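Data block below; observations after.
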Amino acid sequence: MNEDKLSKEWLKKNGHKLKTIYSYAVVNKLDIKSEEDVLGILKVVDTENATKKSAKVFSKMLHLFGMKFRKTLAEKIS
């Protein structure tokens, strides 16, 4: 799977789930860079797709989402 397909199509399909997982991680003080933590969240949020492969992808996307979120927040505060 190439990066464009992963970022555009994947986000359309999984955007809401990504936000839910990110929120769960923040509330429970879990590390979004940790594939094990993300796998644990997936087991709660999306048990059918809770695999190491899925956790790896979500971890990467969560990290990007977090960076974008913090940047946007910093711009709004300034």
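The figures that follow rest on heavy atoms only: side chains count, while hydrogens, waters and symmetry mates do not. Since we're looking at a predicted model, the values are computed, not measured.
L39 and V57 are members of different hydrophobic clusters when ILVMFWY side chains are connected at heavy-atom separations under 4.5 Å.
Rounding to the nearest 0.5 angstrom, the gap separating the CG atom in N14 from the CD atom in E9 is 11.5 Å. With rounding to the nearest 0.5 Å, the separation of NZ in K52 from CD in E36 is 5.5 Å. Interatomic distance, NE2 of H63 versus NZ of K33, reported as 5.0 Å (0.5 Å rounding).
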Check: residues 20-28 side-chain donor-acceptor pairs under 3.5 Å, at least two apart:
from, atom 1, to, atom 2, distance (Å)
T20, OG1, H16, O, 3.0
S23, OG, K19, O, 3.0
N28, ND2, Y24, O, 2.9

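For the residue pair D37 and D31, the shortest heavy atom distance occurs at OD2-N, 2.9 Å. Listed here is the closest heavy atom pair of S34 and S59: N-OG, 4.2 Å.
Residues that satisfy the side chain to side chain contact (heavy atoms under 4.5 Å, CB included) test with D46, not counting sequence neighbours, are K17, L42, E48, N49. Residues satisfying the side chain to side chain contact (heavy atoms under 4.5 Å, CB included) criterion with L18, sequence neighbours excluded, are W10, L11, F58, M61, L62, F65.
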